[in-house]
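Single-structure report; data block below.
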Amino acid sequence: VQLVESGGGLVQAGGSLRLSCAASGSIFSINAMGWFRQAPGKERELVAAISGGGSTYYADSVKGRFTISRDDAKNTLYLLYLQMNSLKPEDTAMYYCAADDYGGGPEYDHWGQGTQVTVSS
């Protein structure tokens, strides 16, 4: 499975960005997909996740501001999105797309290279 993120950038506080992730390869192995972020000097954290059935999870810090969605309609490409609204400077981080295989362990199995999000005050 290959994951490629796009959509990061520089935005002012209060603005919006939409991150995209394209998953290709052995995508039929994928169950859940998620967005993680890591800011300098901080641990990586799960921001939002969505299961194969559409159930979602959000970190408390982004509830009401971020929306995760996925499009599995194509047989050769899965698309994962993160709509980020009302952005805050503390949302500044490298954002990573990740995918978890059916029957895999507790950790996500596949990772993208990341896309930088910078929110200026």
Side-chain angles (χ1 to χ4, degrees):
V1 174
Q2 293 78 45
L3 302 174
V4 178
E5 303 99 332
S6 61
L10 173 64
V11 65
Q12 288 188 333
S16 298
L17 282 174
R18 188 192 196 205
L19 304 184
S20 299
C21 172
S24 59
S26 301
I27 58 175
F28 292 112
S29 68
I30 295 174
N31 179 19
M33 298 185 75
W35 289 98
F36 289 76
R37 69 184 179 188
Q38 187 167 22
K42 294 188 176 181
E43 293 186 356
R44 184 177 63 195
E45 64 171 338
L46 176 62
V47 175
I50 184 166
S51 71
S55 298
T56 57
Y57 160 85
Y58 295 95
D60 288 341
S61 58
V62 307
K63 281 181 180 176
R65 300 189 297 122
F66 290 11
T67 303
I68 190 171
S69 61
R70 63 190 281 177
D71 180 356
D72 298 352
K74 295 183 179 180
N75 290 331
T76 58
L77 189 71
Y78 285 172
L79 297 170
L80 181 70
Y81 303 101
L82 186 68
Q83 178 66 44
M84 304 186 295
N85 299 327
S86 302
L87 283 162
K88 304 176 181 179
E90 51 263 44
D91 294 318
T92 295
M94 185 71 78
Y95 283 70
Y96 298 92
C97 171
D100 188 37
D101 288 341
Y102 284 102
E107 300 294 328
Y108 278 68
D109 299 291
H110 312 286
W111 294 85
Q113 293 299 306
T115 185
Q116 178 67 38
V117 171
T118 302
V119 184
S120 63
S121 57

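Not measured: the values here are computed from a predicted model. Computed over heavy atoms, backbone and side chain alike; hydrogens, waters and symmetry mates excluded.
- For Ala59 against Leu46, the heavy-atom pair with the smallest separation is CB-O, 3.6 Å.
- Shown here for Met33 and Ala23, the closest heavy-atom pair between the two residues is CE-CB, 4.0 Å.
- When all heavy atoms of Arg65 and Ser86 are compared, the closest pair comes out as NH1-O, 3.0 Å.
- Using a 4.0 Å cut-off between charged nitrogen and carboxylate oxygen, Asp91 and Lys88 do not count as a salt-bridge pair.
- A distance of 9.5 Å separates OG1 of Thr56 from NZ of Lys63, quoted to the nearest 0.5 Å.
- Side-chain N or O atoms of Thr118 include none that pairs as donor or acceptor with a backbone N or O of Thr92 at under 3.5 Å.
- Each of Tyr81 and Ile68 belongs to its own hydrophobic cluster when Ile, Leu, Val, Met, Phe, Trp and Tyr are linked at side-chain heavy-atom distances under 4.5 angstrom.
- With hydrophobic clusters built from ILVMFWY side chains whose heavy atoms lie under 4.5 angstrom apart, Tyr96 does not share a cluster with Ile50.
- Side chains of Leu87 and Phe66 form a contact here, defined as non-hydrogen atoms less than 4.5 Å apart.
- The side-chain hydrogen bond (donor to acceptor under 3.5 Å, both in side chains) pairs that include a residue from residues 39-51 are Arg37-Glu45, where partners are two or more places apart or lie in different chains.
- Residues Leu77 and Ala22 come closest through the heavy atom pair CD1-CB, 4.0 Å.
- Cluster annotation: Leu17 is not connected to Leu10 through the hydrophobic network of ILVMFWY side chains, with a link wherever side-chain heavy atoms come within less than 4.5 Å.
- A donor-acceptor pair under 3.5 Å is absent between the side-chain atoms of Asn31 and the main chain of Asp100, judged by distance alone.
- Taken together through direct or relayed side-chain contacts under 4.5 Å among Ile, Leu, Val, Met, Phe, Trp and Tyr, Leu3 and Phe28 form part of one hydrophobic cluster.
- With sequence neighbours excluded, the residues forming a side-chain contact (heavy atoms from CB on, under 4.5 Å) with Asp101 are Ser29, Ile30, Asp109, His110, listed by chain and number.
- Pairs of residues two or more places apart, or lying in two chains, that qualify as ring pair (Phe, Tyr, Trp, His ring centres under 6.0 Å) and include a residue from residues 29-55 are Phe36-Tyr108, Phe36-Trp111.
- The minimum heavy-atom distance linking Ile27 with Tyr78 is given by the pair O-CE1, 3.2 Å.
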Q: Apply side-chain contact (heavy atoms from CB on, under 4.5 Å) to Leu19 and Val117, showing your working.
A: CA-CA 9 Å; Leu19 304 184; Val117 171; 4.0 Å; yes
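- Taking all atoms of both residues into account, the shortest heavy-atom contact from Ala48 to Leu82 is CB-CD1, 4.1 Å.
- The side-chain heavy atoms of Val11 and Met84, taken from C-beta on, include no pair separated by under 4.5 Å.
- Under a 3.5 Å cut-off, the side chain of Glu5 and the backbone N or O of Cys97 do form a donor-acceptor pair.
- Expressed to the nearest 0.5 Å, how far CD of Gln2 lies from SG of Cys21 amounts to 11.0 Å.
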